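Working notes, beginning with the structure itself.
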Amino acid sequence: MALLRKINRVLLVLLVLMVCLLLHSTLLRASTRPKPSDRWKSIGKAAQVPAVKVSEADNVIPVIICASEERMGASMTTINSVYSNTDASVFFYIVTLRDAVKLTRQYIEKTKLKGIKYKIVEFNPMVLKGKVKPDSSRPDLLHPLNFVRYYLPLLDINHKRVIYLDDDIIVQGDIKDLFHTKLKPGHAAAFATDCDLPSTHEMVRSIGMQTTYMGFLDYRKKEVKDLGIHPRDCSFNPGVFVADVSEWKKQKITKQLEKWMEENFRHNIYSSAMAGGVATPPMLIVFHGKYTTLDPLWHVRHLGWSPDARYSETYLQGAHLLHWNGPFKPWTYPAVHLDLWEKWFVPDPSRKFSLVRPESDS
């Protein structure tokens, strides 16, 4: 009997030790688990490049542009056009995914772009988990970098105002004029409305491009009807904009955009088959009636919506910024106004990115 009691005591001690070990392990995991705020900090962090400190006092113009591995040459063309057409001090925040950090750095350091001021920011695509549905109609529109514009205040930048540019753009004007666009009080951003220039109306009609909310949202859904946005209200294009980062934070724009991404994930209120894909509709909803209008010459677009429809050369020469939004990109073929884009193209030193032209097999 005494032996049995002794064995029971030993077993009890072992049980207590096991419980203590389990508690210690649980507490250790909790202490090392990232806090909610850490998740936001990791969305956009500086890649392993030489540290560059840039502050508002430096009087620079910060430009944010994304650079995906498969479209790296397009991003570098945009950067070259901006850099070549201004005497202002421009600082480029080049946002990419981890796999493309090395390629981004090489493209800059081994070409004429080595003189630019820049920082490579690595975007964490895990932030989009549960917010974006797969869609096969235009998979390019679902690339994680398409959603970087939602998270501007959470990237590793330090500016009250920034310019965001898509990668299918060239800038012909002086970027500082765009940067100094006066935003109306309470507005977090300035966009170009789709009903702005009469000279673009013929182009828009000829290619069937949507210019109203009806082309972006599914008005059969209750969630859309409840917004109270008239389906014929003018849409805008979020491929070019000037953002007041302080106002963006104050209005919790990122949270609002995420809310509509999640709403679409649950109820499918828009899709990439519609005019603007899945990145545009949340912007249209959140900024409806709350944005400043850009000078239309700072966003002449629709150049990529048809391989045939062209603007007049005179008109394009006077435009400050050209945007090949749509499926027909100027680095592919067929596409229109290739000469205007190719003027700023910087060949890829690694030869991974090459132009597709009639005489080319690439």
Side-chain angles (χ1 to χ4, degrees), residues 54-66 74-95 113 115-119 149 152 157-200 234 236-248 283 287 290-303 311-325 330 337 340-341 343-346:
V54 183
S55 69
E56 206 73 36
D58 291 330
N59 198 30
V60 303
I61 296 172
V63 174
I64 296 172
I65 183 165
C66 297
S75 304
M76 296 303 158
T77 301
T78 303
I79 289 170
N80 186 37
S81 70
V82 172
Y83 180 66
S84 300
N85 286 301
T86 186
D87 57 2
S89 178
V90 181
F91 193 91
F92 295 97
Y93 289 93
I94 305 170
V95 188
L113 296 176
I116 69 169
K117 298 174 183 175
Y118 73 100
K119 178 160 68 175
R149 70 196 88 191
L152 300 188
I157 60 176
N158 182 33
H159 294 276
K160 294 176 184 175
R161 171 181 285 224
V162 298
I163 292 172
Y164 172 88
L165 299 177
D166 273 353
D167 65 359
D168 49 358
I169 279 169
I170 61 162
V171 174
Q172 300 184 137
D174 190 332
I175 198 72
K176 69 172 176 279
D177 295 336
L178 176 62
F179 184 71
H180 292 303
T181 299
K182 187 174 182 181
L183 271 64
K184 293 179 181 177
H187 285 179
F191 302 94
T193 173
D194 285 328
C195 303
D196 48 18
L197 277 179
S199 51
T200 68
C234 257
F236 60 83
N237 186 295
V240 176
F241 62 92
V242 180
D244 181 325
V245 181
S246 300
E247 196 65 37
W248 193 293
M283 301 281 282
F287 284 100
K290 298 176 184 174
Y291 68 91
T292 299
T293 302
L294 286 177
D295 175 347
L297 287 175
W298 268 108
H299 196 176
V300 173
R301 50 207 179 279
H302 313 315
L303 278 77
Y311 286 105
S312 77
E313 293 298 329
T314 303
Y315 173 62
L316 292 180
Q317 291 297 333
H320 305 318
L321 181 149
L322 303 179
H323 188 182
W324 278 262
N325 58 312
H337 304 296
L340 293 175
W341 182 88
K343 177 181 178 181
W344 307 108
F345 174 63
V346 180

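Remember, it's a predicted structure, so these values are computed and weren't measured experimentally.
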From [atom1] ([X]) to [atom2] ([Y]), nearest 0.5 Å:
X	Y	atom1	atom2	value
W324	I169	CH2	CD1	9.5 Å
D168	L322	CG	CG	11.0 Å
I64	I157	CD1	CD1	4.0 Å
Q317	L340	CD	CG	6.0 Å

Any residue meeting side chain to side chain contact (heavy atoms under 4.5 Å, CB included) with [X], in chain and number order, not counting sequence neighbours:
X	result
Y83	F92, I116
S312	T314, Y315
K343	none

Which atom pairs, one a donor and one an acceptor, fall under 3.5 Å between side chains of residues 170-178 and the rest of the protein, sequence neighbours left out?
| unit_1 | atom_1 | unit_2 | atom_2 | d |
| --- | --- | --- | --- | --- |
| Q172 | NE2 | L316 | O | 3.0 |
| Q172 | NE2 | A319 | O | 2.7 |
| D174 | OD1 | T86 | OG1 | 2.5 |
| D174 | OD1 | K176 | N | 3.1 |
| D174 | OD2 | K176 | NZ | 2.5 |
| K176 | NZ | D87 | OD1 | 3.0 |

Keeping [X] on the side-chain end and [Y] on the backbone end, is there a donor-acceptor pair under 3.5 Å?
X	Y	answer
Y311	R301	yes
N325	H302	yes
N237	G239	yes
S75	D167	no
R149	Y164	no

With a 4.5 Å limit on heavy-atom distance, are the side chains of [X] and [Y] in contact?
X	Y	result
Y291	T193	yes
W341	S81	no
N85	W344	yes
L183	R161	yes

### Message
Could you work out, with ring pair (Phe, Tyr, Trp, His ring centres under 6.0 Å) as the rule, every residue matching H323, not counting sequence neighbours?
### Response
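If we apply the ring pair (Phe, Tyr, Trp, His ring centres under 6.0 Å) test to H323, skipping adjacent residues, the hits are H299.
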### Message
Please find the pair of heavy atoms, one from I61 and one from A88, that lie closest to each other, and give the distance.
### Response
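What the structure gives for the nearest pair is CD1-CB, 3.7 Å.
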### Task
Please name the residue in the list L165, L152, I163, V162 that meets the side chain to side chain contact (heavy atoms under 4.5 Å, CB included) test with F241.
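The residue from L165, L152, I163, V162 that satisfies side chain to side chain contact (heavy atoms under 4.5 Å, CB included) with F241 turns out to be L152.
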### Task
State yes or no: are the ring centers of F91 and H159 separated by less than 6.0 Å?
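No, too far apart.
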### Query
Applying salt bridge (charged side-chain N to carboxylate O under 4.0 Å, His left out), which residue pairs with at least one partner in residues 178-188 are found, sequence neighbours left out?
none
